[in-house]
Amino acid sequence: ARYLVTTMLHSLKSADLARTEDFNRVFAAMFTELSFGLKKSQSVEAVIDLIEALDGGEGLRVSYPSDYRECIIGVEGIDVQLRCSGAALEMVFPRAGSPGELIERFAEIRSAFAVSRELAGIIG
């Protein structure tokens, strides 16, 4: 007698709406993932190479399986895992939060990716 309930907010077009107090009150502590489809497919190996070339000095770390089907990116000081499959970026949070909270963490990750023009281009 086990079950899983998944709540999905799909195709949100306005980050401003997601930051409003009323919107966050309705969706408080409901989400643990934020997913973005990439406009342009990325080579997972290329993403890995870009991060490894930084040699950890910029606070980014990466792990991946031997078949390179995806990589998990960590950002120093941000308790979020970023999973890159080449077609999508998925942020996985350790605890549920509101859409506004998740978007704020995304902004922090985007800043961390600004260390490289190529990495910044992935996240847009």
| field | CG on Leu34 to CD on Glu90, rounded to 0.5 Å | value | 10.0 Å
| Given the rule in the side-chain contact (heavy atoms from CB on, under 4.5 Å) test, do Ile109 and Ile73 qualify, once you have shown the distances and angles that lead to the verdict? | CA-CA 10 Å; Ile109 288 173; Ile73 303 165; over 6 Å; no
| Just how far is it from atom CG of Asp79 to atom CD of Glu108, taken to the nearest 0.5 Å? | 11.0 Å
| Is Thr20 reaching over with its side chain to a backbone N or O of Asp16, donor-acceptor style, under 3.5 angstrom? | no
| message | Before you tell me yes or no, could you show the steps for Tyr64 and Val44 under side-chain contact (heavy atoms from CB on, under 4.5 Å), namely the whole-Å CA-CA distance, both residues' side-chain angles and the distance that decides it to 0.1 Å? | response | CA-CA 9 Å; Tyr64 47 90; Val44 173; 5.7 Å; no
| How far does CZ of Arg105 sit from CD1 of Ile103, to the nearest 0.5 angstrom? | 11.5 Å
| query | What's the spacing between Glu70 CD and Leu82 CG if we round to 0.5 Å? | reply | 11.0 Å
| Distance, nearest 0.5 Å, that separates CD1 of Ile48 from SG of Cys84 | 8.5 Å
| task | Give the C-alpha distance, both sets of side-chain angles, the deciding distance and a yes or no for side-chain contact (heavy atoms from CB on, under 4.5 Å) between Leu119 and Leu54. | result | CA-CA 11 Å; Leu119 284 173; Leu54 297 172; 3.9 Å; yes
| message | Apply side-chain contact (heavy atoms from CB on, under 4.5 Å) to residues Met91 and Phe93 and explain how you reach the verdict. | response | CA-CA 6 Å; Met91 294 172 49; Phe93 298 83; 3.2 Å; yes
| request: For Ala29 and Ala96, work out which heavy atoms get closest and say how close. | output: O-CB, 3.3 Å
| query | Under a 4.5 Å side-chain heavy-atom rule over Ile, Leu, Val, Met, Phe, Trp and Tyr, are Val75 and Phe36 clustered together? | reply | yes
| query | Would a hydrophobic clustering, with Ile, Leu, Val, Met, Phe, Trp and Tyr connected at side-chain separations under 4.5 Å, put Leu9 with Met30? | reply | yes
| Residue pair Val62 / Cys71: nearest heavy atoms and the distance that separates them | CG2-CB, 3.7 Å
| query | Taking atom types as modelled, is there a side-chain donor on Glu118 or Ser116 under 3.5 Å from an acceptor on the other? | reply | yes
| query | Any link between Ile72 and Leu50 through a network of hydrophobic side chains (Ile, Leu, Val, Met, Phe, Trp, Tyr) touching at under 4.5 Å? | reply | no
| task | Determine, using the 4.5 Å side-chain heavy-atom cutoff (strictly less than), whether Val92 and Leu12 are members of one ILVMFWY cluster. | result | no
| said: Check this for me: Arg25, atom CZ, are more than 12 non-hydrogen atoms of other residues, nucleotides or ligands nearer than 6.0 Å? | reply: yes
| field | Atom pair NE2 (His10) and OG (Ser35), whose distance is rounded to the nearest 0.5 Å | value | 8.5 Å
| said: For a salt bridge (charged side-chain N to carboxylate O under 4.0 Å, His left out) check, start with the C-alpha distance between Glu76 and Arg61, then their side-chain angles and the critical distance, and finish with the verdict. | reply: CA-CA 8 Å; Glu76 187 176 315; Arg61 61 192 178 286; over 6 Å; no
| Closest non-hydrogen atom pair between Ala114 and Ala120, with its separation | CA-CB, 4.2 Å
| field | Closest contact, heavy atoms only, Asn24 versus Ala18 | value | ND2-O, 2.7 Å
| task | Search all heavy atoms of Thr32 against all heavy atoms of Arg95 and return the closest pair with its distance. | result | CG2-C, 4.0 Å
| message | Would you call the rings of Phe27 and Phe23 parallel, tilted or perpendicular, taking 30° and 60° as the class edges? | response | tilted
| task | Give a yes or no on whether Tyr68 and Leu60 share a hydrophobic cluster (residues Ile, Leu, Val, Met, Phe, Trp, Tyr; joining criterion: side-chain heavy atoms under 4.5 Å apart). | result | yes
